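Worksheet for the structure shown next.
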Amino acid sequence: MANIDVGLLADLEARGLVAQMTGDRALESYLAEGSRTLYCGFDPTADSLHIGSLVPLLTLKRFQLAGHKPLALVGGATGLIGDPSFKSAERKLNTPDVVATWVDKLKAQVGAFIDFECGDASAEVVNNLDWTANMDVLTFLRDVGKHFSVNNMINKESVKQRIDREGAGISFTEFTYMLLQSYDFAELYKRNQCTLQIGGSDQWGNITGGVDLTRRLHGGQVFGLTLPLVTKSDGTKFGKTESGTIWLDANKTSPYAFYQFWLNTADADVYKFLRYFTFLSVAEIADIEAADVAAQGRPQAQGVLAREVTRLVHGDSGLAAAQRITEALFAGDTAGLSESDLDQLAQDGLPSSALVLDGQPLTQLLADAGMAPSGKQVKDALQRNAVEVNKVTVGLEQNMAAAEVFAQSNALFNKYFLVKLGKKKYHLFTC
RNA sequence: GCAGGGGUUCCCGAGUGGCCAAAGGGAUCAGACUGUAAAUCUGACGCGAAAGCUUCGAUGGUUCGAAUCCAUCCCCCUGCACCA
């Protein structure tokens, strides 16, 4: 007898989180009438999810908060095949043991977002390998394959470019992906009374496939709902920075880098992202926006966004670490940092490394430390006095004098060098 | 298989014997301005601190000298044919 929040779908729509859904408005009343079980799949294509998966993950949580039961499916089987949806080229297959280790990591990661101990609406993590691993080909072809029309599959928008374009092609393996995912839905309907699948809008074809198959196999009516693809106002791809993908795993993207990513959100995107990525109410977000418009200068929205999302993903301690570094580097006086502060910065995930001096120029030293992709860029920065070592500006003329610049006597507390390149890049050297 | 077009530095795209590390645009990095924004302006943008070194699908060749010419090979695109 969970409390069902009948306004869930309306809230999702207000947040701009509904891209498409099946069955007109039937889903709305269906959800309002009782606690339902829904699922969303996450394929193990890497050892961590990235922020692109955050929208469906948080949406699962939104359903749970509204009294529904979420199943997080980790695609131990589908991950072995590869989803061709909107992909421009065939991908290489990962080995079963690699996928298996990724499955374990994703299970843990996904689990952090949903509640497993809340009565009827408790979440579960499932793996589609459990019901596909032992299925034989003939059974699959007769029981599942028979329900799919190749004619329809070919016409799906998601594989169109692979069908039409010469040279890109699609293997039978990837073409079959949709059958596997559809079967998942039917199976979860049978096993868990799961009647709703959510996913990114690129999953629409796969989801409707599952809706159809469930009806054909079990005569059940199930629903699908897709979430929008996250886009940025400037047209660049969401979730990438110069330094690469923003991962959810703290070991791949530190809480500090994660926090900085959100803090740097463009004004044009930030309120939308607040609606997508936080649990603040639509009204609260509107208030923030109104306040920002009224106040001249720096908006507060980015700070709120960074705080909220970092807490969701990395918890209070991760957020605290990210904020400590941010405060120290961007707000406070770095010269005033204590020895334990510096210790903490390295611990908190500020890029750091041991100082190795063997006569190399600064350009190479800093490039090797990862502060720039090539010495050329360090040189450019040196030329423009954009490099600081322990608050002292270093110029190009000192390029060959790394030993003096990094002389032990210049070290903070006899062991630290805090190097700044440009306005945002910091690196801590220890000697 | 035949005919035609093409593979250039992260991407797009000029360049058809020396003046080419290779136009232009985008992306990116840095500076100014700012809010660790946006827009704009400036600089950098194969690697190297420099001397210099390595690139223009691959391999050989012609030449004092090749991204540019020749040969072979690989890949892509467009027609046609073949197969049906």
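As a basis for the values below, the full set of heavy atoms in this structure was taken, side chains included, without hydrogen atoms, waters or symmetry mates. Naming: A, B, ... by sequence-line order, numbering from 1 per chain. All values derive from a computational prediction rather than experimental measurement.
Under the Watson-Crick or G-U wobble criterion, with both distances below 3.5 Å, B:rU63 is left unpaired in every strand shown. Pair assignment for B:rU55: none, as no Watson-Crick or G-U wobble contacts are both less than 3.5 Å. Figure legend. B:rA50 is base-paired to no nucleotide; pairs are counted as Watson-Crick or G-U wobble with both atom distances under 3.5 Å. When both pairing distances are held under 3.5 Å, B:rA21 makes no Watson-Crick or G-U pair with any nucleotide shown. A 3.5 Å limit on both hydrogen-bonding distances identifies no Watson-Crick or G-U partner for B:rA39. Of all nucleotides present, only B:rC80 satisfies the Watson-Crick or G-U wobble test against B:rG1, with each distance under 3.5 Å. For B:rU28, the paired base is B:rA44 (Watson-Crick or G-U wobble, both distances below 3.5 Å).
A distance of about 10 Å separates the P atoms of B:rC19 and B:rA67, rounded to the whole Å. For B:rA39 and B:rU28, the P atoms lie 10 Å apart once the distance is rounded to whole Å. A distance of about 14 Å separates the C1' atoms of B:rU9 and B:rG24, rounded to the whole Å. Atom P of B:rA30 sits at a distance of 15 Å from the matching atom of B:rU36, rounded to the whole Å. Between the C1' atoms of B:rA3 and B:rC53, the separation comes to 43 Å (whole Å). Rounded to whole Å, the separation between the C1' atoms of B:rU54 and B:rG48 comes to 11 Å. Taking atom P in both B:rG46 and B:rC2, one finds a spacing of 41 Å when rounded to whole Å. Between the C1' atoms of B:rC56 and B:rU16, the separation comes to 13 Å (whole Å).
A donor atom on one side chain and an acceptor atom on the other are not found under 3.5 Å apart for A:Asp184 and A:Tyr39. A side-chain N or O of A:Asp83 and one of A:Gln203 form a donor-acceptor pair less than 3.5 Å apart. Using a 3.5 Å distance cut-off with no hydrogens or angles, the side chains of A:Asp43 and A:Thr78 do pair a donor with an acceptor. Checking A:Tyr416 against A:Asn390 by side-chain atom types alone, no donor-acceptor pair falls below 3.5 Å. For the residue pair A:Asn385 / A:Thr393, no side-chain donor-acceptor distance below 3.5 Å is found, with atom types taken as modelled.
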Just list the side-chain donor-acceptor pairs under 3.5 Å for residues 359-371 of chain A, sequence neighbours left out, or say none.
residue: A:Gln360; atom: OE1; partner: A:Asp358; partner atom: N; Å: 2.8
residue: A:Gln360; atom: NE2; partner: A:Val356; partner atom: O; Å: 3.0
residue: A:Gln360; atom: NE2; partner: A:Asp358; partner atom: OD1; Å: 3.4

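Closest contact between the side chain of A:Asp267 and the listed nucleotides B:rA30, B:rA37, B:rU36 involves B:rA37. Taking only side-chain atoms of A:Phe330, from C-beta outward, the nucleotide of B:rA49, B:rA30, B:rU36 with the closest atom is B:rU36. Here B:rU34 is the nucleotide among B:rA30, B:rU34, B:rU36 with the atom lying nearest to any side-chain atom of A:Lys423. Residue A:Pro361 places its side chain closer to B:rA49 than to any other of B:rA49, B:rG35, B:rG48.
For A:Gln377 against B:rU28, no side-chain N or O and base N or O form a donor-acceptor pair under 3.5 Å. Contact of A:Lys376 with B:rG46 (side chain to base): no donor-acceptor pair of N or O atoms is detected under 3.5 Å.
Residue A:Lys425 places at least one side-chain N or O closer than 4.0 Å to OP1 or OP2 of B:rA30.
Distance NZ (A:Lys379) to C1' (B:rA44): 10 Å, rounded to an integer number of Å. The distance between atom CE of A:Met400 and atom P of B:rA50, rounded to the nearest whole Å, is 10 Å. Note: CD (A:Gln302) to P (B:rA37) measures 11 Å, nearest angstrom. The distance between atom CG of A:Leu329 and atom P of B:rU36, rounded to the nearest whole Å, is 13 Å. Residue A:Gln383 contributes atom CD, which lies 18 Å from atom P of B:rU42 at whole-angstrom precision. In this entry the distance linking CG of A:Asn399 with P of B:rG48 reads 11 Å, nearest Å. In this structure, CZ of A:Arg384 is placed 9 Å from P of B:rA32, rounded to the nearest angstrom. Regarding A:Tyr271, its OH atom lies at a distance of 15 Å from the P atom of B:rA38, rounded to whole Å.
Under the side chain to side chain contact (heavy atoms under 4.5 Å, CB included) test applied with A:Gln20, the options A:Ile207, A:Leu225, A:Thr226 reduce to a single match, A:Thr226.
When the nearest nucleotides of RNA chain B are assigned to A:Asp380 and A:Leu396 by heavy-atom distance, the more 5′-ward of the two goes with A:Asp380. Residues A:Ala266 and A:Gln364 each lie close to RNA chain B; by heavy-atom proximity, the contact nearer the 5' end of the strand is made by A:Ala266.
Using a 4.0 Å heavy-atom distance criterion, A:Gln360 is classed as making no nucleic acid contact. Among the heavy atoms of the strands, none lies under 4.0 Å from A:Pro373.
Distance alone, capped at 3.5 Å, is enough to place a donor-acceptor pair between the A:Thr22 side chain and the A:Gly224 backbone.
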